[in-house]
Each structure stands twice: as structure tokens, then as C-alpha cells.
Number of protein chains: 2
Amino acid sequence: MTSRARSRPAARPAADAEKEPAARARLEVDERRAQLLALGLSIFSERSYDEVSIDDIARAAGVSKGLLYHYFPTKRDYYVAALRAASKELLDQTLRTTPDASPEQEIECALRTYLAYVERHGPAYVALMRGGIGSDPEVAAVLEETRTTFLGRIVAGLPPEATGPLVHTAMRGWIGFVEAASIDWVARRSVPVEQIVALAKALLFDVLRAATEFSPTNEPAPPKKKTTKKAR
Amino acid sequence: MTSRARSRPAARPAADAEKEPAARARLEVDERRAQLLALGLSIFSERSYDEVSIDDIARAAGVSKGLLYHYFPTKRDYYVAALRAASKELLDQTLRTTPDASPEQEIECALRTYLAYVERHGPAYVALMRGGIGSDPEVAAVLEETRTTFLGRIVAGLPPEATGPLVHTAMRGWIGFVEAASIDWVARRSVPVEQIVALAKALLFDVLRAATEFSPTNEPAPPKKKTTKKAR
DNA sequence: AGCGGCTGTTGAACGGAAGTCAACAGGAAT
DNA sequence: ATTCCTGTTGACTTCCGTTCAACAGCCGCT
């Protein structure tokens with residue numbers, strides 16, 4: 001079934017002089033899928049979910065409506081896929097870290113690239129973080145996954161003081177802080193990036209300190225296994 | 001035109017022994033509107049925006065679809081109105097404050113009632129804060145208004161150290177912290193309320209300190225007018 | 001080159017839900 | 001009791017997500 005392994009020369013058939021809206025040729029699956037995903041990303045960045053109809057998307061892609069449904073079972077699936085792509089881009093871009101950096105430096109670096117992403121993709125970021133469709137479980141799952149990944153990186157790159165439930169909630173709160181501050185920052189550009197970075201970094205440690213301090217149910221500071229490895 | 005001032009005895013016409021789904025009688029405008037709003041609030045708390053159709057709502061209200069459109073020009077308007085009602089309820093409930101309380105105590109009290117509201121209306125709160133419809137400007141406006149109101153109360157009840165742009169962003173971030181932490185807390189009830197309150201309160205001061213510290217463009221600490229009055 | 005089939009692609013048709021509107025009906029004022 | 005105002009109705013229209021049977025480009029085979 002799947003053993004065919006079609007090896008197409010990856011070159012477009014013929015008349016490719018056109019820009020984009022006339023590329024009505026037969027495309028390879030991955031290519032087409034990637035094209036549609038990229039398009040969706042840019043479209044949903046500037047218009048909200050139900051401001052764009054499937055016909056709009058199909059027209060913008062120079063493709064029939066039916067083809068979209070060939071690649072994505074539903075409009076919502078399409079949206080979620082685009083969202084997931086955006087999330088992946090954000091996560092990938094904030095991953096690059098110098099190998100010989102202190103946890104502090106890593107946090108700073110990650111924050112800087114995070115904010116750079118926010119600055120570049122302003123509306124897309126807002127669209128991403130503000131959810132998209134109201135309370136859709138899949139959409140919420142993507143956002144949760146993104147946040148959880150960030151959270152995993154943070155707690156892995158930090159001294160493992162404690163890992164109680166309060167710390168978990170506190171870290172979640174900190175991520176909420178960064179998101180809210182980022183949105184506010186990108187909306188009204190009235191403050192240099194460095195101040196945001198410094199503020200968020202300082203606050204991270206404050207949060208950690210306060211969280212470990214306020215959770216008396218946890219053992220004070222048991223030196224568990226050293227989890228200084230970084231998370232994917 | 002509007003000078004009629006209909007003075008109806010406020011009593012339901014007749015057979016009112018039924019519970020609710022059969023109250024197909026003629027109602028006064030405000031009454032009907034309030035009923036529909038309350039219904040919408042409870043419906044949108046458990047099902048998302050486009051999981052419920054207008055027909056569902058009308059059926060649940062024991063009313064025709066057309067009547068809904070008589071009271072609210074559009075489904076989205078209906079949703080926004082319900083959201084605004086929820087926001088108002090939240091804001092009102094967190095307003096009650098003892099007159100002779102220190103700013104710290106006020107913050108604590110507000111946080112406690114805030115979390116109480118979250119605990120009581122769990123899913124409704126999540127639906128409220130997670131936006132509702134994707135990036136809808138009206139919905140976003142309601143949320144922004146809610147947050148801005150909270151922000152106004154906070155900065156008014158606190159020592160007016162500085163009021164620079166960084167402080168503004170920082171406070172916005174803190175609100176994001178509280179929201180994220182609240183959602184996490186209500187999702188996984190693994191921590192007593194008091195710890196969340198203590199954490200958020202401590203963090204508020206940390207945020208303020210860090211924000212004033214990191215903004216060198218502001219004058220260090222000029223003793224301005226004492227704005228210790230509370231905001232509406 | 002001719003041919004058969006696999007698969008990317010299409011456009012018309014379907015269903016359901018949002019939104020409209022002209023007519024209905026209950027109660028108040030007379 | 002009659003009339004009028006206005007809350008209320010349900011059928012109709014329109015738009016949009018979704019389905020499906022047929023079409024067409026490209027490859028492998030002879």
C-alpha cells in the first residue's frame with residue numbers, strides 16, 4: 001500500500017512563471033499540504049476564524065474547495081493544523097541555546113527570542129495565544145501543549161529546589177505573566193525589550209522563591225535527583 | 001413615542017405553576033431580556049459558542065428563534081451581552097471591601113473573592129477568560145475592559161511609586177499571572193486557596209518593585225499626590 | 001508510442017444553521 | 001367590547017461547511 005515511494009523530481013510541471021494565484025497544477029502531497037498550511041497561517045493571522053470562509057481560503061490558494069477537504073477533514077482541523085505549525089515555529093525558534101550558558105543566561109536568551117518572535121509576528125502571536133475558536137478542546141490542547149513545553153524547559157534548566165503542586169501552578173502563572181506582558185508590549189510599544197526581559201527574568205526567580213516558600217506541605221529542600229538536563 | 005411608561009403589575013398573567021420550559025407567556029421586555037441573558041450565561045458556560053445553535057437556545061428558553069433576534073440583533077451580540085453580564089458579576093462581587101483596610105488587606109480580600117468566584121463558576125470563568133470566539137473584537141474588548149478595571153483598582157489602592165509604561169505592562173502581566181494561576185488552580189485542585197492568595201499577593205509587590213527598579217527613564221521616586229483612593 | 005491505473009483535483013449538490021419578515025395574539029387603554 | 005400597541009411566532013432565504021461522484025495529469029508497463 002504505502003510501499004510505492006513515489007520519487008517525483010520535485011520540479012513543478014511546466015508554466016511556473018506565474019506568482020501564486022495561478023499555480024493550478026498537480027502538486028505533491030507534502031508540498032501542497034505545506035503550502036496550504038503556510039497560507040492558513042498567514043490568513044488566520046489577520047482575520048479571525050469565522051471571518052474567513054473555506055471559499056476564501058480556497059480562492060487564495062488558487063485551489064478548489066474540495067481539495068482543502070481532501071487534505072484536512074474539516075475547517076477546524078485545518079485551523080488547528082495551522083495553529084500547531086505556528087506553535088512549532090515558536091517552539092523551534094526559542095530552542096536555540098548556547099551550550100555553555102548558565103540557566104540565567106538561557107532564560108534571558110529564550111525570553112529575548114520569544115519576544116523577537118512576538119515582535120515579528122505580532123498579530124499572529126496574538127491570534128495564537130488568544131486561542132482562536134472559543135473553548136475548542138483541540139485548540140486549547142495545542143496551547144496547553146505549547147505552554148507545557150515551555151514549562152518543561154524552564155523547570156529543567158533551573159535548580160530543582162522543589163517540584164510541588166504550588167510550584168507548578170506558579171510556573172503556569174509566570175507563563176501567563178509573560179504572555180500578558182508580551183501582548184501588552186507588542187500592542188503599545190512604549191518600552192525597550194530589555195526591560196521586559198529583565199522584568200520577566202527577575203520575576204521568574206521571585207515566583208520560584210515565593211512558591212517554594214509558601215508551600216509548607218512540601219519537604220523543605222530535599223536534594224532529589226539532579227534534573228539539570230534540558231527538556232526538548 | 002417612548003412616553004408611554006407602561007406600568008404593568010409585574011405579575012405573570014396566569015398559569016405560572018410550570019417550572020420554566022412552558023412559560024410561553026408574554027413577558028415584559030426587561031424581564032425577558034434578563035431571562036435570556038441568564039440562560040445564555042449558563043448555556044455558554046458548559047458548551048462553547050458554536051456548539052450551541054440559536055435553535056438550541058430558543059428551545060431551552062421555551063421561545064421562538066425570532067424572539068431572540070428581536071432582543072439581540074445577532075447571535076454574537078447575544079454572546080457578548082452574556083459575557084458582559086458575567087464580567088459585571090465578577091467585577092461586582094470582587095468590589096466589596098471593608099472600609100478600614102490596608103492596601104495589602106484589600107488586595108488579599110479581592111484575591112480571595114476572585115478565587116471564590118473562579119471556584120464557584122469554574123467552567124464559566126474559563127470560558128470567560130479564554131475568550132470565547134476567536135479574536136472577535138467585541139469579545140476581546142469585554143475582556144480588556146474587565147482587566148483594565150481590575151488594573152485601575154489595583155494601581156489606585158497602592159502606593160503611587162511610579163506610573164511609567166513599564167509599570168503598566170508589568171501590572172498587565174501580573175493580571176495574566178493571576179488568570180493563568182487561577183485556571184491552573186481550578187483545573188487541578190491540588191493546593192489550598194490561601195497559598196494562591198499569598199503567592200499572588202507577594203508577587204504583586206515583587207512585580208511593582210522590579211518594574212520601578214528596571215525603568216530608568218522614570219524619575220526615581222517623586223512623592224506625587226497621594227492617590228490612595230479606590231477606583232470604581 | 002500506446003495504454004491502464006493510481007491519485008491529486010474539481011464542481012455541483014446537500015444539509016444545517018444564522019438571520020429576515022410579514023402575520024399573529026395577548027393585554028391595556030378607551 | 002373594541003382597538004391598538006407590541007411581544008411573539010414560524011416559515012422562508014441565504015450563506016457556508018461538508019460530501020461525493022466524476023475528471024485529469026502523471027507514472028509504469030508493454
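A, B, ... follow the sequence lines: proteins, then strands. Residue 1 opens every chain.
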Could you check whether any side-chain heavy atom of [X] comes within less than 4.5 Å of a side-chain heavy atom of [Y], counting everything from C-beta outward?
| X | Y | answer |
| --- | --- | --- |
| B:Gln195 | B:Leu199 | no |
| A:Ile54 | A:Phe72 | no |
| A:Asp184 | B:Met171 | no |

Tell me the interatomic distance from [X], atom [atom1], to [N], atom [atom2], rounded to whole angstroms.
| X | N | atom1 | atom2 | answer |
| --- | --- | --- | --- | --- |
| B:Leu68 | D:dT9 | CG | C1' | 12 Å |
| A:Ile57 | D:dT18 | CD1 | C1' | 13 Å |
| B:Lys75 | D:dT14 | NZ | P | 21 Å |
| A:Arg59 | D:dG17 | CZ | P | 11 Å |
| A:Leu67 | D:dG17 | CG | P | 16 Å |
| A:Phe72 | C:dG8 | CZ | P | 14 Å |
| B:Asp30 | D:dG7 | CG | P | 10 Å |
| B:Asp55 | C:dG19 | CG | C1' | 11 Å |

Would you please confirm or rule out a distance under 4.0 Å between OP1 or OP2 of [N] and any side-chain N or O of [X]?
| X | N | value |
| --- | --- | --- |
| A:His70 | C:dG8 | yes |
| A:Tyr69 | D:dT19 | no |
| B:Tyr71 | D:dT8 | yes |
| B:Ser53 | C:dA17 | no |
| A:Thr74 | D:dT18 | yes |
| A:Arg32 | C:dT9 | yes |

Lys/Arg cation over aromatic A:Trp185: A:Arg189, 6.0 Å, 45° cone: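 Output yes; distance and angle both within limits.
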Would you compute the distance between atom OH of B:Tyr49 and atom CG of A:Asp50 and round it to the nearest 0.5 angstrom?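 Going from OH on B:Tyr49 over to CG on A:Asp50, the span is 7.0 Å.
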Assuming nearest nucleotide by heavy-atom distance, tell me which of A:Gly66 and A:Val52 is located more 5' along DNA chain D. A:Val52
Output the single nucleotide from C:dG19, C:dT10, D:dT9 whose closest atom is nearest the side chain of A:Val63.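 Nearest to the side-chain atoms of A:Val63, counting from C-beta on, is C:dT10.
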Once you apply a heavy-atom cut-off of 4.0 Å, does B:Ile54 come out as touching a base, just sugar-phosphate, or nothing? sugar-phosphate
For the base of D:dT18, is there a side-chain donor-acceptor partner from A:Lys65 under 3.5 Å away? yes
